[in-house]
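Comments concern the structure below.
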2 protein chains.
Amino acid sequence: MPRRVTLKQVAARAGVSYQTVSKVINGKAQVSPETEARIWEAVRELGYRPHYIARSLRAQRSRLIGYSWPPSPPDQPNPILDLFLQSMFTAAEEAGYYLLCFPHHYGERQIESYRELIESARVDGFIVSSVEFDDPRLAFLMEKDYPFVAFGRSNPDWDFPYVDVDGAAGMVKVVNHLLERGHRRIAALAWPEASRVGQNRLDGYFTALQRAGIMPLDAWIARGEGRFDFGYQATLQWLDLPPDERPTAIVALNDVMAIGAMRAVQERGLRVGVDVAITGFDDYPLVQYLTPPLTSVRQPIWDIGQRIVSMLVALLEGQPLQERHVLVEPELIIRASSTGPAG
Amino acid sequence: MPRRVTLKQVAARAGVSYQTVSKVINGKAQVSPETEARIWEAVRELGYRPHYIARSLRAQRSRLIGYSWPPSPPDQPNPILDLFLQSMFTAAEEAGYYLLCFPHHYGERQIESYRELIESARVDGFIVSSVEFDDPRLAFLMEKDYPFVAFGRSNPDWDFPYVDVDGAAGMVKVVNHLLERGHRRIAALAWPEASRVGQNRLDGYFTALQRAGIMPLDAWIARGEGRFDFGYQATLQWLDLPPDERPTAIVALNDVMAIGAMRAVQERGLRVGVDVAITGFDDYPLVQYLTPPLTSVRQPIWDIGQRIVSMLVALLEGQPLQERHVLVEPELIIRASSTGPAG
DNA sequence: ACTGAATAGGCGAACGTTCGCCCGAACGTT
DNA sequence: AACGTTCGGGCGAACGTTCGCCTATTCAGT
């Protein structure tokens, strides 16, 4: 370990007190231009860099943002994590912050990790994602009055800063796209009712159908765990419906179920995109290379990460937030699974 | 912000000096059992937690591990990142460390980020992934003699601790599997020669064929950028070869190229797994749901993350490393793309 | 009763900053 | 000539720890 360069060394070289150097570096000094130049010169020559920990101790802030997320199922890793993290710590770096990542625990230990990081003064604030109804992390942070920004909404009665994707708007785009192509019998592969994100997306489905004056049959809504097998099985059942009830299009709330649906359609000898239109959600990687490529909905994740961080930084710096609640619209990516080979 | 509980408050409550409390907490005190009990009691009652920054300042170590990785191409996000990060910070937490993530920059700025983190004393060591030949990050860290562990090998003349996947061994497994099923003409979708990982995997291809006494034709090796289109185009060309030169199996160095190959085979009216066997590499998510499911090679990424962290922690704690160079074998996942529907 | 070690715990200092207060000199104002 | 102001910069203190050294008491061994 090379010996560190400290303020005192810079001060000695510049012929001033070390506190004055500190002030110059932080731009809150009243010094003559010559002295200031001498100090900067010394800083440069010695390659001085402020000791972040010492600075934090004195300033009582770590300039670290805590982030934790639940592990994904092994066969379905989170594809947007990469981009999301990159967007966040790029924005953070510009503001002089870094991201501290810590493991996600379940049950009692979950809150314990947050408490630990707060009480040991390791982080100045948190980013919370995968937010559920009545999420205990949010409850805890609100009670502690500790700064955070959530990616996702929660209990509507709680007031906290968040950024979220407007899943309903995304689903409206999907359904409208299918309606335009003449579909009237549109089935939905949905999640259990407890899923906040799922309900939000499904709302869009109902909204769009309602606007078109269509009343979906109960049989057209299948709820399951969002897996391949569920999409596959549910679709087989739909294909067995009498011709005038059988859906001509299937919207899935995520891509994996959509892929299961594709498999089912193809195994029955039908053509995806021609005989049955299928759409996914999330624009999972590789779905563009399926046969046929899958129509899906993509979240502007880079923007989301940047906004979350800039909101949190504003909070940490005591600046007022222009918007406490941000909703961003996802983008519909139209591919052959909903249009047939002609596009 | 609630007022912090400090050592002095605990000391006051326990009726000892605050330095004694510190010693008890760090287990390096000689105190009577009663006093110790009193101190712990006070700690518990007040909910004392050591101030991490103050501790770091004094101990001259941050207990933070720096990690940065290059952003993935937007259409091909890194699927193992999630698991890799989870495995690392789970291991880190157990050892009392956390992960500090920072952006990856290109050119001059890349090293600058590392220098900044070192000189501002923010991290105690680094984890470096996506290692290339003569990687400047490794050169820099070795010169600075700053602790780090790499995920991946680099210049063979450099001596540094690393964990890497034995790509050659993985490819040997793939090729042996195909040989067992009677294939003799096996083509390879490879990366450019500059790719360290690509060369490593391709070595395994040659090794396995050589052991079987097979001399691959030059025409069976196609080198490209690892994209869908490249796999697709190269495969079309192979299918145009005369019957006695035409490959009956295609091994791809990653899954995306394999998917391109599958598309080409299917468009020619041939059956993947029956007429032409195809294998991928990396076991990208969803490839198990392709039609047919893709045979691929999976890295034990959880173990890798855990080992990397435990090596780095050992380095940071001044313990000797049992192994400076760890090579782990990937696992062959056999699916229908190389065996046909019968399995 | 005297010595020497072990035991229990106190105390000063230091880690590298930032912050607020102070003070001398120079300057302009009445 | 006495006074307030501004400018330029010094100085002590504090942030919450850990570390090494010191000391007072106890106790066993001669």
Side chain of K23(B) (C-beta onward), nearest among dG20(D), dC11(D), dA8(C): dG20(D)
Whole-Å distance separating the CD atom of E34(B) from the P atom of dG9(C): 8 Å
Length of the line joining Q30(B):CD and dG9(C):P, which is rounded to integer Å: 10 Å
Can you tell me if the side-chain N/O atoms of T35(A) get under 4.0 Å from OP1 or OP2 in dG8(D)? no
Let's go through Y162(A) and F160(A) carefully: what are the C-alpha distance in whole Å and the side-chain angles of both, what is the deciding distance for ring-ring contact (aromatic ring centres under 6.0 Å, His included) to 0.1 Å, and is it a yes or a no? CA-CA 6 Å; Y162(A) 66 76; F160(A) 58 88; 5.7 Å; yes
Taking only N and O in the side chain of Y48(A), is any of them less than 4.0 Å away from OP1 or OP2 of dT17(C)? yes
Atom NZ of K8(A) and atom C1' of dG10(D) are separated, to the nearest Å, by 14 Å
At less than 3.5 Å, do the side-chain atoms of R58(A) and the base atoms of dT18(C) form a donor-acceptor pair? yes
Rounding to a whole Å, what distance do you find between R61(A):CZ and dC15(D):C1'? 15 Å
Rounded to whole Å, please give me the gap between CD in Q9(A) and P in dC15(C). 11 Å
Check the distance between dT18(D)'s P and R63(B)'s CZ and give it to me in whole angstrom. 11 Å
Hey, does the side chain of Q60(A) come within less than 4.0 Å of dA14(D)'s phosphate (OP1/OP2), counting only N and O? no
Go nucleotide by nucleotide along DNA chain C from the 5' end; which of P33(B) and H51(A) gets its closest nucleotide reached first? P33(B)
Does S32(A) make a side-chain N or O approach to OP1 or OP2 of dG9(D) shorter than 4.0 Å? yes
Please walk me through it: do D82(B) and S72(A) pass side chain to side chain donor-acceptor pair (under 3.5 Å)? CA-CA 7 Å; D82(B) 191 349; S72(A) 314; 2.4 Å; yes
Is there a side-chain polar atom (N or O) of S22(A) under 4.0 Å from OP1 or OP2 of dT18(C)? yes
Is R55(A) near enough to dT18(C) that one of its side-chain N or O atoms lies under 4.0 angstrom from OP1 or OP2? yes
From the candidates dC15(C), dC21(C), dT17(D), the one with an atom nearest any side-chain atom of L7(B) is dT17(D)
Short side-chain N/O contact to dG9(C) OP1/OP2 from T20(B), under 4.0 Å: no
Taking the side chain from Q86(A) and the backbone from W69(B), do they hold a donor-acceptor pair closer than 3.5 Å? yes
Answer yes or no: does a side-chain N or O of K28(A) lie under 4.0 Å from OP1 or OP2 of dC19(C)? yes
Do D135(A) and S154(A) have side-chain atoms, one donor and one acceptor, less than 3.5 Å apart? no
Start with the C-alpha distance between I301(A) and F151(A), add both sets of side-chain angles, then the distance that settles side chain to side chain contact (heavy atoms under 4.5 Å, CB included), and finish with yes or no. CA-CA 11 Å; I301(A) 199 67; F151(A) 177 15; 3.9 Å; yes
Do Y97(B) and R61(B) pair up side chain to side chain, a donor and an acceptor below 3.5 Å, judged on atom types alone? yes
Out of dC19(D), dC15(D), dG16(D), whichever nucleotide has its closest atom nearest the side chain of Q19(B): dC19(D)
Watson-Crick or G-U counterpart of dT30(C), or none if no pair lies under 3.5 Å: dA1(D)
I25(A) atom CD1 is separated from dT17(C) atom P, nearest whole Å, by 8 Å
Using whole Å, report how far CD of E36(A) lies from P of dG8(D). 10 Å
Look at the side chain of T6(B) and decide which nucleotide, out of dT17(D), dG9(C), dA13(D), has an atom nearest to it. dT17(D)
